[in-house]
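All ligand and atom numbering here is 1-based and tracks the order in the structure.
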Amino acid sequence: MSRETPTPASSPIPLYNPEIGGNAWNYVKECLDTAWVSSAGAFVDRFEAMLAERAGVKHAVAVASGTAALHTSLLLAGVQPEDEVLVSTLTFIASANAIRYCGARPIFVDAEPRSWQIDVELVRSFLERDCERRDGRCLHRRTGRRVAAIIPVHVLGHPVDLEPLLEIARAFGLAVVEDAAEGVGVKYNGRPVGGWGDIGCFSFNGNKLITTGGGGAILTNDAALAARARYLTTQAKDDAVNYVHNEVGFNYRLTNLQAALGCAQLESVDRFIAEKRSAAAVYREALSLIPGVQLQEISPKAFCTFWLNTIRIDAAKFGCDSRTALAELGRRRIQARPLWQPMHQSPAHQGAQSLLTGVADRLFEECLSLPSSVGLTREDQVRVIEALGEISEQFRGSSRAAA
Ligand SMILES: *Cc1c(COP(=O)(O)O)cnc(C)c1O
């Protein structure tokens, strides 16, 4: 949709639309014209080089999805069946599923109440109280299982507090696999996320900051891990003539066609980030004036991309709860969304262990993500802000009338 076209007040405002433009047509057409459409080609190489530079790492391996990146990364980190892996409970389910694909067991960790990222102090107290290092392994005393890795998930375009997390993970010998699916362009202490741990993962799904339709990447500074990532994601082929495979691999590679779109997207990513940051500033200033609306706190160590602008609603002050507000926004054709059901509540991961404080449960109950497309117009943003103001006034009015 062109930025100049005014949006009629009744037209829908989506939560997140991809922004397709720049060289996208030219690059995809080049793939079609040359028949280089599959999982090798110049755009794959170029996309990987651009990604590595963006993430400040030596190697990027483009794969079919963020989920495939996570699964492969856990295998690269040496996660074995029956190992335990710490992971944020407040995340999209892919982070937890990847652990289960390895036959390993997630331990869900609650969120901190300020920026809603994994609570590093909970991780620390669990490791210090319930685990010990024995023969170079981290042993969970109660279960007798090895804790092999931790997946800090950078949620909503804000970074995890990485320095204390890495310090405690290193002290206990855990591999650190960053889920930076929502973290393209996000920085912690001035350095991009995805490059802080042993391995990092990006996603290029349709609703992420940049998209390849579907896709992901594995990021690492370790040449041997990168080589093994390529091997595992291309069916672990050891002999290309006789098709000899010494291991069970995966068909997880990104295609040249998708990488072509990815290259065009990455050429524009600085503009995407600048636009998202200025839209977030507008949201944050205006929304903070509505009673009962709280925003994610921005850590002084964070450079945020505001992937999804998310508000936390205090029903008593705002006038109604988040789900009523969600329905009211829907009536105004504004698409909002709650956060994900926390993983410790998910029927898919029933019976998993968790370290809980109640924060993620409350955030799930109280938060709504608001329209956050790169191409969101100021007019549409004003519509969202005014709608929330109206909803609050309407419900506060009716509760006063009832009192
Ligand atoms: C999107 C997302 C993923 C999965 O990425 P896909 O490319 O959709 O497979 C994983 N983790 C988080 C936190 C995500 O937001």
Side-chain angles (χ1 to χ4, degrees), residues 15-18 47 51 55 60-75 85-102 106 108-111 115-118 149-160 162 176-186 193-194 196-197 199-219 229 233 250-255 258-259 261-262 265-266 276 296 304-310 337-344 346 348-349 360 363-364 367 369 372-373:
L15 185 78
Y16 210 105
N17 263 0
F47 189 45
L51 284 169
V61 179
V63 295
S65 68
T67 309
L70 284 163
H71 180 200
T72 309
S73 297
L74 291 175
L75 296 172
V85 177
L86 292 153
V87 63
S88 314
T89 195
L90 193 69
T91 183
F92 176 59
I93 197 166
S95 328
N97 286 356
I99 298 169
R100 298 282 296 279
Y101 298 162
C102 299
F108 298 122
V109 184
D110 218 317
S115 310
W116 314 341
Q117 309 297 316
I118 191 169
I150 181 165
I151 308 178
V153 185
H154 306 286
V155 287
L156 302 170
H158 185 290
V160 165
L162 283 166
V176 178
V177 173
E178 285 177 73
D179 183 342
E182 302 167 12
V184 173
V186 173
V193 300
W196 285 77
I199 311 171
C201 300
F202 281 158
S203 163
F204 314 121
N205 186 23
N207 65 2
K208 297 290 165 40
L209 182 69
I210 62 162
T211 186
T212 57
I218 299 166
L219 311 161
T233 55
F250 305 90
N251 178 9
Y252 273 176
R253 290 289 279 160
L254 192 76
T255 66
Q258 292 166 309
L261 179 53
Q265 290 266 294
L266 265 186
K276 299 257 314 154
Q296 191 182 20
C304 298
T305 57
F306 303 95
W307 174 57
L308 289 180
N309 293 281
T310 302
R337 192 181 85 184
L339 293 175
W340 319 270
Q341 179 184 52
M343 288 304 108
H344 68 270
S346 172
H349 294 286
L363 292 172
F364 176 51
C367 286
S369 297
S372 298
S373 306

In this structure, atom 5 (O) of ligand 1 is nearest to the protein heavy atom Ser203 OG, 3.2 Å
Numbered atoms and elements of ligand 1 in range of Gly66, under 4.0 angstrom, heavy atoms:
5 (O), 6 (P), 7 (O), 9 (O)
To the nearest 0.1 Å, how far is atom 9 (O) of ligand 1 from its closest protein heavy atom, and which atom is that?
Thr67 OG1, 2.5 Å
Could you identify the single nearest non-hydrogen protein atom to atom 1 (C) of ligand 1 and state the distance to 0.1 Å?
Lys208 NZ, 1.5 Å
Which of the atoms in ligand 1, numbered in the order shown and given with their element, are less than 4.0 Å from a heavy-atom of Glu182?
12 (C), 13 (C), 14 (C), 15 (O)
Determine the interplanar angle of the Trp307 and Tyr16 rings, folded into 0 to 90°, and report it as parallel if under 30°, tilted if 30 to 60°, perpendicular if over 60°.
tilted
Can you check whether Glu182 reaches Leu209 side chain to side chain, under 4.5 Å on heavy atoms?
no
Gly215: numbered ligand 1 atoms lying under 4.0 Å from its heavy atoms:
7 (O)
In this structure, atom 11 (N) of ligand 1 is nearest to the protein heavy atom Asp179 OD2, 2.8 Å
Report yes if the side chains of Pro159 and Gln117 come closer than 4.5 Å at any heavy-atom pair, otherwise no.
no
Does some side-chain heavy atom of Ile93 sit less than 4.5 Å from a side-chain heavy atom of His349?
yes
Just which atoms of ligand 1 are under 4.0 Å from any heavy atom in Thr91?
13 (C)
I'd like to check Gln296 versus Thr310 (side-chain heavy atoms, cut-off strictly below 4.5 Å). Are they in contact?
no
Can you list the ligand 1 atoms lying under 4.0 Å from a non-hydrogen atom of Ala94?
3 (C), 4 (C), 10 (C)
In ligand 1, which numbered atoms sit nearer than 4.0 Å to a non-hydrogen atom of Val153?
13 (C)
Near Ser65 (heavy-atom distance under 4.0 Å), the atoms of ligand 1 are 7 (O), 9 (O)
Taking only non-hydrogen atoms of Ser95 and a 4.0 Å limit, the atoms of ligand 1 in range are 11 (N)
Note, Trp196 side chain near Glu178 side chain (heavy atom, < 4.5 Å):
yes
Show the numbers, then the answer: is there a ring-ring contact (aromatic ring centres under 6.0 Å, His included) between Phe204 and Phe47?
CA-CA 12 Å; Phe204 314 121; Phe47 189 45; 5.2 Å; yes
Is there a side-chain contact between Asn205 and Ser65, using heavy atoms and a 4.5 Å cut-off?
no
